There are 2 protein chains.
Amino acid sequence: MRGNLFAVGVDLVVLTVRNDELYVLLVRRDEKPFEGTWGLPGGFVASDEDLPDTAARELVAQTGTGTAGRVSGHLEQLAGYAAPDRDPRGRVLSVAFLAVLPDMPDPDQPDVVSGWHPVADVTELAFDHAQILADGVERARETLEYTTLAAAFCPPEFTVTDLRRVYEAVWRTEIDPRNFSRKVTSTPGFLVPTHRHVTGGPGRPAQLFRRGPATRLHPAMLREPAVRVVG
Amino acid sequence: MRGNLFAVGVDLVVLTVRNDELYVLLVRRDEKPFEGTWGLPGGFVASDEDLPDTAARELVAQTGTGTAGRVSGHLEQLAGYAAPDRDPRGRVLSVAFLAVLPDMPDPDQPDVVSGWHPVADVTELAFDHAQILADGVERARETLEYTTLAAAFCPPEFTVTDLRRVYEAVWRTEIDPRNFSRKVTSTPGFLVPTHRHVTGGPGRPAQLFRRGPATRLHPAMLREPAVRVVG
DNA sequence: CGGGGGTAGTGTCACCCTGACGAGAATTTC
DNA sequence: GAAATTCTCGTCAGGGTGACACTACCCCCG
């Protein structure tokens, strides 16, 4: 029984918010199996690596984030997937990670093998990646309630409206701007005011904020209970 | 790089509440490495198994829970652990699971190689099991806030006080019995009254309840914010 | 240059949930 | 029976939230 050996890979659910919509980074597979179909970016664990090392390495390789290895976003482990038939090549265990990045401009020459896709439009993916993506999105939705993860979707300086649009895109709901502003600005450690303001757009200039030191939200930002299955 | 192969095991953090205290199931290792020290129960993934299969099989084997494979408790995946040096025998990836069971009487002949230990008294464990245990306990603490996990610590029929003692033991706090009773009995789907009462003990007999269909708590049962690590 | 439209932020108010109790109900123990 | 113990309901003040009126400030356009 101990003789069962697995290839171990890391798959990434890389999320961002663009155009008020949740996007995921996908790559087009250039080898079998599932050649030509879209899948999650990932790779195998190298001989001297721990799982977070592999995840960070793949994230930098796929996005060019933080050339010096210091990733400005968020990276957390999701879960392990090891169904016996999930990879036709043999037993492959994949540890999925959730990564969250601010929206970044596409590279000058658009990459045909790697790109951002609206999560709502993704239908089929290679392997069990559709399930992994669903788990990752659900994790992000929950984490937004209890932590300051939403700020990881935003650039270093952002407005309250930017932050609200993150919640609205990930939760697919609408939030009252006034109550939202009161809530996030009164939560200690969530936002640090810069006393600078955005310019150029219509309407009153919004104040720019920076991420604060808090990681958990007290009290939580509770969304409406999911549609109750009436007993 | 793809040639790196791992042995894949499942380790269990099996928790219960006994004597108003949180207990974890440990086994004494009978082979190297770490021979003679305590560790988490676990085993390797068989050739045709998925991870939850292995976890359920090991849980039944170690506790005798649900002879027919139907486990009455709670079983969820925690995380994967794969540090290069976590096992001196080579590269071993372990997927940890959190299991929660009601307190059960010890078998007639006490088992010297497997037993329940107060979590607070556990100091050193084999491999990285101390870290896994800490992660499992923290997960249980958080899950108690937002789900009905606490009922999984209780036998099929239990009183509000039984449930409160679960929260107090896992969180290591005291909760006002009157407010707690109001909260859990008014949360729809959490508790189903049986209209039967316990007998024998001192004081007014308490009503017996059964687990309800709800899995998530709305609104959540928020504990005090953890002591903030002041930056 | 002065409205009009649009966005940001403040203020108000009612409602619900919660923590902090008081008090009564039902049983065991002395 | 009286005291002790435990369960359960009730009350009340304070905080957080949803709903929304209103003010502040900018761009655009005539």
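Numbers restart at 1 for each chain; the letters A, B, ... are given by sequence-line order, proteins then strands. As the structure is a prediction and not an experimental result, all values here were calculated from the model.
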- prompt: Any donor and acceptor pair, going by atom type alone, linking the side chain of A:Glu58 with main-chain N or O of A:Leu12 inside 3.5 Å?
  reply: no
message: Holding to ring pair (Phe, Tyr, Trp, His ring centres under 6.0 Å), I want the full list of residues that pass it with B:Phe127, two or more places apart in sequence or in another chain.
response: B:Phe34, B:His129
Pairs where residues 134-178 of chain A contributes a residue and the test ring-ring contact (aromatic ring centres under 6.0 Å, His included) is met, not counting sequence neighbours: A:Tyr146-B:Tyr146, A:Tyr167-A:Trp171, A:Tyr167-A:Phe180
- prompt: Who are the side-chain hydrogen bond (donor to acceptor under 3.5 Å, both in side chains) partners of A:Asp50, not counting sequence neighbours?
  reply: none
With sequence neighbours excluded, residues passing side-chain contact (heavy atoms from CB on, under 4.5 Å) with B:Ala169: B:Val17
- request: Applying side-chain contact (heavy atoms from CB on, under 4.5 Å), name anything that partners A:Thr143, two or more places apart in sequence or on another chain.
  value: A:Glu76, A:Arg139, A:Thr147, A:Leu149
message: Within the 4.0 Å heavy-atom criterion, would you say B:Thr159 contacts the bases, only the backbone, or no part of the nucleic acid?
response: nothing
- line: Min and max contacting nt of DNA chain D in 5' to 3' order, chain A heavy atoms within under 4.0 angstrom, are D:dG16 to D:dC27
query: Residues in side-chain contact (heavy atoms from CB on, under 4.5 Å) with A:Glu138, at least two apart?
result: A:Arg141, A:Glu142, A:Arg223
- line: A:Tyr23 meets the ring pair (Phe, Tyr, Trp, His ring centres under 6.0 Å) criterion, sequence neighbours left out, with none
query: Using a heavy-atom distance cut-off of less than 4.0 Å, which residues of residues 173-183 of chain B contact DNA chain C?
result: B:Asp176, B:Arg178, B:Asn179, B:Arg182, B:Lys183
Output one line per pair: protein atom, nucleotide atom from nucleotides 26-30 of chain C, and distance, for all N/O pairs under 3.5 Å.
from: C:dA26; atom 1: N3; to: B:Arg204; atom 2: N; distance (Å): 3.4

Contacts of type side-chain hydrogen bond (donor to acceptor under 3.5 Å, both in side chains), residue A:Arg29, not counting sequence neighbours: none
message: Run the side-chain contact (heavy atoms from CB on, under 4.5 Å) test against B:Thr161 and tell me which residues pass, sequence neighbours left out.
response: B:Thr159, B:Arg164, B:Arg165
query: Starting at the 5' end of DNA chain D, which residue's closest nucleotide do you reach first, B:Phe209 or A:Leu222?
result: B:Phe209
